[in-house]
Amino acid sequence: MEETKKLYFGTNTKMYKTIADTTKFIEELVEATHDISPEQARLFVIPSFTALAEAQKKLNDSNIMLGAQNMCWEDEGEYTGEISPVMLKEIGIDIVEIGHSERRHVFGETDYQVKKKVEAAIRHGMTALLCIGETKEQKDCNIQDEILSIQLKTALSSIKSTDADKLLWIAYEPVWAIGVNGTPISKSYATKRHKHIRSVLVDILGEETGCSIPVLYGGSVNMDNARILLSDPNINGLFVGRSAWEAKNFNKMLRHILEI
Ligand code: 13P
């Protein structure tokens, strides 16, 4: 199962960076990466909701895609505190991050809610960046592949291959590897999980689409492991947190993996 090797590289700034911080970060990033074409790397930034409209203005003529960190599955309604796909479309969002570990484990999002969000993003023509990953306890019980299968099969059960082909990215982010207390993953563990994810995608979406969906890795990615992880043919990109929150570090890691 060979996968087209196109690179995806981006960051989720979580609940860091105000509008002013995000604007500065994006201005520096656009300047630093202006020579990188979308064919070399599909770059993306996912800031906080309050910074999205300003970020969109700054990214307008750039090669960097803009994402939102979450979204409600309904277009409108009595959902206090939620943001709808229509609202995200209105400000020119390209990607919606769905089911991030912190959404699932801090805020209790379920596989079924994640499924509805993936469907809503695709229905509105935005790329669904579906995040999946097992907890440490699940890994210790050796049920990680079962968990990944359940998360993928639930989220994608009603998605057409023709839509997935254009509007679906996956991020494998093991919960135990994310954040300051996370443990960096080994290459062999990442390889096994990405191979499994690819086979489930093929099962659900068919050989052609299943092999073409970008599958990114995220969780304590840094300058030491970025290139090693990307040497796996089933890892199509990196979804980086804290190691990419300074434009100069984002740019340095990007050039390191592109070997330019
Ligand atoms: P860290 O790279 O800080 O572990 O975060 C990864 C992440 O959560 C990306 O969505």
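Count residues from 1 along the sequence. Order of appearance sets the numbers: ligands from 1, and atoms from 1 within every ligand.
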Can you name the residues that form a side chain to side chain donor-acceptor pair (under 3.5 Å) with Asn60, not counting sequence neighbours? none
If you measure every N or O of Val240 against every N or O of ligand 1, does any of those distances drop under 3.5 Å? no
Shortest heavy-atom approach to atom 4 (O) of ligand 1 - which of Gly10, Gly182, Gly179, Gly218: Gly179
Return yes if a side-chain donor-acceptor contact under 3.5 Å exists between Ser37 and Asn63, otherwise no. no
Atoms of ligand 1 close to Phe239 [distance to a heavy atom under 4.0 angstrom, numbered from 1]: 9 (C), 10 (O)
Using a strict cut-off of 4.0 Å, indicate which atoms of ligand 1 neighbour a heavy atom of Ile178. 4 (O), 5 (O), 8 (O)
Heavy atom of the protein closest to atom 5 (O) of ligand 1 (residue, atom name, distance): Lys14 NZ, 3.2 Å
Could you tell me the residue and atom name of the protein heavy atom closest to atom 9 (C) of ligand 1, and the distance to it rounded to 0.1 Å? Glu173 OE2, 3.0 Å
Hey, does the Lys NZ or Arg CZ of Lys139 hover above the aromatic six-ring of Tyr189, less than 6.0 Å from the centre and inside 45° of the axis? yes
Hey, does Arg242 come in under 3.5 Å of ligand 1, counting only N/O atoms on both sides? yes
Just to confirm my output: which protein heavy-atom neighbour is closest to atom 2 (O) of ligand 1, and how far is it? Gly241 N, 2.9 Å
Before signing off on this row, confirm whether Asn12 and ligand 1 have an N or O atom pair separated by under 3.5 Å. yes
Looking just at side-chain N and O atoms, do Gln138 and Thr135 make a donor-acceptor pair shorter than 3.5 Å? yes
May I have the list of side-chain donor-acceptor pairs in residues 215-224 shorter than 3.5 Å, sequence neighbours left out?
{"unit_1": "Tyr217", "atom_1": "OH", "unit_2": "Gly219", "atom_2": "O", "d": "3.2"}
{"unit_1": "Ser220", "atom_1": "OG", "unit_2": "Ala177", "atom_2": "O", "d": "2.7"}
{"unit_1": "Ser220", "atom_1": "OG", "unit_2": "Arg242", "atom_2": "NH2", "d": "3.3"}
{"unit_1": "Asn222", "atom_1": "OD1", "unit_2": "Asp224", "atom_2": "N", "d": "2.8"}
{"unit_1": "Asn222", "atom_1": "OD1", "unit_2": "Asn225", "atom_2": "N", "d": "3.0"}

Is the cationic atom of Lys116 (NZ for Lys, CZ for Arg) positioned less than 6.0 Å from the six-membered ring centroid of Trp73 and within 45 degrees of its normal? yes
Under 3.5 Å between some N or O of ligand 1 and some N or O of His100? yes
Under 3.5 Å, is there a donor on one side chain and an acceptor on the other for Lys115 and Ser158? yes
